[in-house]
Amino acid sequence: MTALRPAPTTRTYGVNGIDLAVHEWPAAPASPSHALDAPPLVFAHATGFHGRVFDTIIAQFPAHAAYAIDLRGHGQSGGGPIADWRLVASDVAGFLEQAQISGAIGIGHSMGAHTLLQVAADHPSEFSRLVLFDPVILAPDYYTGPEALFTADNPHPASRRKRDFASPEAMMERFRARDPYCLFDARVFEDYCRHGLVPAASGEGYELACAPEVEASVYASSRSNGAILEAAKTVMLPVLVVRAKASDLTDFKSSPTWPELAAILPQGEDLYRPDRTHFHPFEDPEDAARIIAGMIG
């Protein structure tokens with residue numbers, strides 16, 4: 001699949017005390033091959049990333065209006081460290097309400113997939129179906145562990161990430177050969193780097209749009225929404241759960257998704273892809289687009 005699509009317009013929505021940035025693409029003018037009633041597509045990204053990592057996938061769906069959200073504390077959105085994942089879901093619901101979006105197809109990856117499933121449970125009319133790539137929704141016993149996975153004395157390793165770069169090209173040079181970035185499609189990798197930096201507060205160079213302390217806080221609070229498993233049982237719409245190969249939770253490439261998740265969803269379908277890692281949509285955006293197109297029908 002190949003397609004051209006203009007750059008998006010980025011708008012901000014005031015939700016829960018922050019400005020939430022959303023990258024928006026209008027639907028292409030209708031033609032015989034473009035359905036007039038094509039549902040909008042809403043994308044939510046993984047921890048540490050931003051909405052523009054979906055550009056390559058979004059280009060495959062010109063008939064659909066598309067919205068790629070920069071989640072709280074990521075990309076161009078405001079907000080600091082995160083203590084409760086339900087707040088992130090509330091942000092997204094606030095955007096959908098303000099933008100008057102309903103009946104959308106939600107496409108989420110990792111933490112973004114968790115977020116969209118929670119939104120669908122809380123606001124049943126917002127989505128008509130969901131495609132969840134490796135959602136961070138684990139087995140029930142995970143959520144019975146201690147709430148604080150990391151502390152001020154024992155912070156998550158992400159808090160020590162290099163944050164300052166002279167340019168997007170310098171970021172690309174540093175990460176291109178490193179795991180897992182070496183697995184990424186070249187276009188997705190470039191979008192990650194170019195849109196993952198903001199001008200540094202010092203006025204010199206750039207810094208990560210998702211500050212290391214924000215990224216670390218998301219991992220540290222991953223047990224904050226154990227209620228997601230009960231919420232999943234109430235989501236009365238088709239949900240495709242795309243799971244990658246699982247190995248070890250200490251490996252960022254391993255699937256974190258509970259293998260029984262689709263079974264507890266009233267209209268859940270499980271698609272197991274052991275040939276892919278947790279970064280499936282970044283490794284092979286064409287394959288991810290085919291999966292989404294199949295769900296759109």
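Bear in mind the structure is a predicted one, so any value in this text is a computation, not a measurement. Along the sequence shown, residues carry numbers from 1.
Under the side-chain contact (heavy atoms from CB on, under 4.5 Å) rule, P135 has a single partner from V242, V239, V241, L117, which is V241.
Side-chain contact check for V22 versus R11: every heavy-atom pair is 4.5 Å or farther apart. No side-chain heavy atom of Y142 sits under 4.5 Å from any side-chain heavy atom of W258. In this structure the side chain of K245 never reaches within 4.5 angstrom of the side chain of D275, judged on heavy atoms. When side chains are defined from C-beta on, Y272 does not count as touching P259, because their heavy atoms never get closer than 4.5 Å. Contact check for L41 versus I58: no side-chain heavy atoms found under the 4.5 Å cut-off.
Nearest heavy-atom pair across A7 and W25 is C-NE1, 4.2 Å. For S128 against P238, the heavy-atom pair with the smallest separation is O-CD, 3.5 Å. In terms of heavy-atom proximity, A68 sits nearest to G51 at CB-O, 3.4 Å. The two residues I57 and A288 come nearest to each other via the heavy atoms CD1-CB, 3.8 Å. Residues F252 and H278 come closest through the heavy atom pair O-CB, 3.4 Å. Listed here is the closest heavy atom pair of R163 and A211: NH1-CB, 4.2 Å.
The pair E213-R160 does not meet the salt-bridge criterion, since no charged nitrogen lies less than 4.0 angstrom from a carboxylate oxygen. Under a 4.0 Å N-O distance rule, the pair R276/D134 does not qualify as a salt bridge. Under the 4.0 Å criterion applied to side-chain N and carboxylate O atoms, R187 and E190 are not assigned as salt-bridge partners.
Here NE2 of H280 is found 4.5 Å from CZ of R273. Values are rounded to the nearest 0.5 Å. Of the inter-residue distances, the one linking I82 atom CD1 with S224 atom OG reads 9.0 Å to the nearest 0.5 angstrom. With values rounded to the nearest 0.5 angstrom, F127 atom CZ is found 9.0 Å from I107 atom CD1. Remark: L138 CG to L229 CG distance equals 8.5 Å, nearest 0.5 Å. If you take CG on D284 and OG1 on T56, they are separated by 11.0 Å, rounding to the nearest 0.5 Å. Residue I18 holds its CD1 atom at 4.0 Å from CZ of R72, rounded to the nearest 0.5 Å.
Counting non-hydrogen atoms of other residues, nucleotides and ligands closer than 6.0 Å to CD of E173 gives a total of 12 or fewer. When the shell of 6.0 Å around CD of Q267 is examined, it contains more than 12 heavy atoms from other residues, nucleotides or ligands. For Y206, the OH atom is loosely surrounded, since the number of other residues' heavy atoms within 6.0 Å does not exceed 12.
Taking the six-membered ring for Trp and thresholds of 30 and 60 degrees, F49 and F184 have ring planes inclined between 30 and 60 degrees apart.
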Does the salt bridge (Lys or Arg N to Asp or Glu O under 4.0 Å) test come out yes or no for K253 and D179, once each step is laid out? CA-CA 9 Å; K253 299 191 299 296; D179 193 29; 2.8 Å; yes
Run the ring-ring contact (aromatic ring centres under 6.0 Å, His included) test on F54 and F61 for me, step by step, so that the C-alpha distance in whole Å, both residues' side-chain angles and the decisive distance to 0.1 Å come before the verdict. CA-CA 11 Å; F54 293 112; F61 298 98; over 10 Å; no
For the pair I292 and Q60, evaluate side-chain contact (heavy atoms from CB on, under 4.5 Å) and give the outcome as yes or no after the intermediate values. CA-CA 10 Å; I292 294 164; Q60 312 303 322; over 6 Å; no
Could you go through E286 and R290, starting from their C-alpha distance and side-chain angles, then the distance that decides it, and tell me whether this counts as side-chain contact (heavy atoms from CB on, under 4.5 Å)? CA-CA 6 Å; E286 276 77 18; R290 282 191 291 269; 4.0 Å; yes
Steps toward side-chain contact (heavy atoms from CB on, under 4.5 Å) verdict (F282, L183): CA-CA 8 Å; F282 303 161; L183 302 175; over 6 Å; no
Under the side-chain contact (heavy atoms from CB on, under 4.5 Å) rule, what do E126 and V42 come out as? Steps first, then yes or no, please. CA-CA 10 Å; E126 308 292 47; V42 174; over 6 Å; no
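Connection of I228 to L71 is established within a shared hydrophobic cluster, with ILVMFWY side chains joined at heavy-atom distances below 4.5 Å, either directly or through further cluster members. A continuous path of hydrophobic side-chain contacts links Y13 to V119 [ILVMFWY only; heavy atoms under 4.5 Å]. No path of Ile, Leu, Val, Met, Phe, Trp and Tyr side chains, each step under 4.5 Å between heavy atoms, connects L87 with V136, placing them in separate hydrophobic clusters. Under the 4.5 Å side-chain heavy-atom criterion for Ile, Leu, Val, Met, Phe, Trp and Tyr, I101 and I69 are members of the same hydrophobic cluster. Hydrophobic cluster membership is shared by Y219 and L208, with clusters built from Ile, Leu, Val, Met, Phe, Trp and Tyr side chains linked at under 4.5 angstrom.
Between the side chain of D191 and the main chain of V53, no donor-acceptor pair closer than 3.5 Å is present. Under a 3.5 Å cut-off, the side chain of K233 and the backbone N or O of V235 do not form any donor-acceptor pair. Here the side chain of H50 pairs a donor or acceptor atom with the backbone of R52 at under 3.5 angstrom. With hydrogens and angles ignored, the 3.5 Å screen pairs no side-chain donor or acceptor of Q118 with any backbone N or O of V88. Judged purely by atom type and a 3.5 angstrom limit, D270 has no side-chain atom pairing as donor or acceptor with the backbone of A262. With T10 contributing its side chain and H23 its backbone, the two residues share no donor-acceptor pair below 3.5 Å. Side chain of T47 to backbone of E215: no donor-acceptor contact under 3.5 angstrom is found. Side chain of S255 to main chain of R243: no donor-acceptor pair is present (N/O by atom type, distance under 3.5 Å, no hydrogens or angles). No donor-acceptor distance shorter than 3.5 angstrom exists from the side chain of S254 to the backbone of D251, with no hydrogens or angles considered. Side chain of H74 to main chain of G48: a donor-acceptor pair is present (N/O by atom type, distance under 3.5 Å, no hydrogens or angles).
Remark: the H114 side chain and the N225 side chain contain an N/O donor-acceptor pair separated by less than 3.5 Å. If you check the side chains of W85 and T115, you find no donor sitting under 3.5 Å from an acceptor.
Checked against the 6.0 Å centroid criterion, the rings of F43 and F133 do not qualify as a close aromatic pair.
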